[in-house]
Amino acid sequence: MDEDSELWDIICDGPHVPMKKFEETGPMVPKDRKAIEKNYRAKKILMYGIGPDEYNRVSACDTGKEIWEALQTAYKETTQVKQSKIDMLITEYELFRMKDDESIQDMHTRFTSFINELYLLGDVIPKNKLVRKILSALPGS
């Protein structure tokens, strides 16, 4: 568990690799390989959790932190885009009706799908309103 929190710290804050001079005139080299190994493990965990499209986006990143930031940037939704999605889903909710050739199960699945999207975007409709909407969406027959 302690290693997990250390890896998460490396992803959030970046690796801290203490350096030392190899010789008086030589290059700087890492003092401790553990920090390098932890960064490698953090990168590996992040890389195993993404698909090929995301891999192409982050393959040039050197640290777990760079990978994490690239993924956050790629999937970050602006407030305006989020609000547009909410507005579209609310309109779909208001116009929701059962289709002529649709079973009740299919209707419920379709309804649940956009209600879940609304929930994920942070717009929660009370359950009593959802029940009333489902009942009003059913045909008279």
Side-chain angles (χ1 to χ4, degrees), residues 1-23 25-141:
M1 189 68 149
D2 191 37
E3 182 183 4
D4 293 340
S5 64
E6 288 178 19
L7 292 177
W8 184 244
D9 289 342
I10 287 172
I11 290 170
C12 292
D13 304 328
H16 174 67
V17 182
M19 303 295 276
K20 66 179 180 179
K21 270 217 181 268
F22 184 62
E23 293 174 353
T25 58
M28 296 292 283
V29 295
K31 189 186 285 187
D32 182 14
R33 294 207 37 91
K34 287 183 183 179
I36 295 170
E37 290 170 2
K38 286 180 184 174
N39 180 58
Y40 175 76
R41 280 198 299 265
K43 282 177 56 174
K44 188 169 74 170
I45 289 169
L46 289 170
M47 293 301 233
Y48 283 159
I50 61 176
D53 293 334
E54 291 85 9
Y55 178 82
N56 291 334
R57 234 181 238 127
V58 300
S59 60
C61 296
D62 291 327
T63 66
K65 180 179 181 173
E66 289 175 8
I67 293 170
W68 185 248
E69 288 174 348
L71 291 171
Q72 281 182 312
T73 301
Y75 289 97
K76 187 177 189 179
E77 291 185 332
T78 64
T79 306
Q80 187 176 12
V81 171
K82 183 178 176 181
Q83 190 56 50
S84 294
K85 285 183 178 182
I86 289 172
D87 293 344
M88 180 191 71
L89 291 166
I90 290 291
T91 300
E92 191 173 344
Y93 168 81
E94 290 170 350
L95 299 174
F96 184 78
R97 294 284 177 258
M98 184 175 180
K99 296 176 182 176
D100 292 337
D101 60 341
E102 189 173 40
S103 71
I104 291 177
Q105 181 62 41
D106 291 340
M107 177 194 78
H108 184 265
T109 301
R110 189 168 53 93
F111 184 76
T112 304
S113 176
F114 69 81
I115 293 302
N116 287 343
E117 282 186 64
L118 271 171
Y119 179 79
L120 290 173
L121 290 169
D123 195 351
V124 180
I125 299 174
K127 289 200 184 293
N128 61 342
K129 285 188 176 185
L130 295 176
V131 170
R132 276 189 260 141
K133 185 62 178 177
I134 284 281
L135 292 174
S136 69
L138 294 170
S141 60

- How long is the gap from CD1 on I36 to NZ on K34, to the nearest 0.5 Å? 13.0 Å
- For T63 against K43, the heavy-atom pair lying closest together: C-CG, 3.8 Å
- Task: Not counting sequence neighbours, which residues clear side-chain hydrogen bond (donor to acceptor under 3.5 Å, both in side chains) with S103? List them please.
- Result: D106
- Message: For a 4.5 angstrom cut-off between non-hydrogen side-chain atoms, does L7 reach K38?
- Response: yes
- Query: Which residues pass the side-chain hydrogen bond (donor to acceptor under 3.5 Å, both in side chains) test with R132, sequence neighbours left out?
  - Reply: none
- Task: Compare every heavy atom of G64 with every heavy atom of L46, then report the nearest pair and how far apart it is.
- Result: CD1-O, 3.5 Å
- N39 and its side-chain contact (heavy atoms from CB on, under 4.5 Å) partner, picked from I11, D62, I10: I10
- Can you tell me which residue pairs pass the salt bridge (Lys or Arg N to Asp or Glu O under 4.0 Å) test with a partner in residues 90-103, sequence neighbours excluded? E102-R110
- Message: I need the W8 CH2 to D13 CG distance, nearest 0.5 Å.
- Response: 10.0 Å
- Counterpart residues, side chain to side chain contact (heavy atoms under 4.5 Å, CB included), relative to M47 (two or more places apart): I50, Y55, V58, I67
What donor-acceptor contacts under 3.5 angstrom involve side-chain atoms of residues 116-128, with partners at least two apart or in another chain?
| residue | atom | partner | partner atom | Å |
| --- | --- | --- | --- | --- |
| N116 | ND2 | T112 | O | 3.3 |

- Query: Partners of E69 by side-chain hydrogen bond (donor to acceptor under 3.5 Å, both in side chains), sequence neighbours excluded?
  - Reply: none
- Query: Sequence neighbours excluded, which residues qualify as ring-ring contact (aromatic ring centres under 6.0 Å, His included) partners of F114?
  - Reply: F96, F111
- Query: So which heavy atom on M107 is nearest to which on L138, and how close?
  - Reply: CE-CD2, 3.6 Å
- Residues forming a salt bridge (charged side-chain N to carboxylate O under 4.0 Å, His left out) with E66, sequence neighbours excluded: none
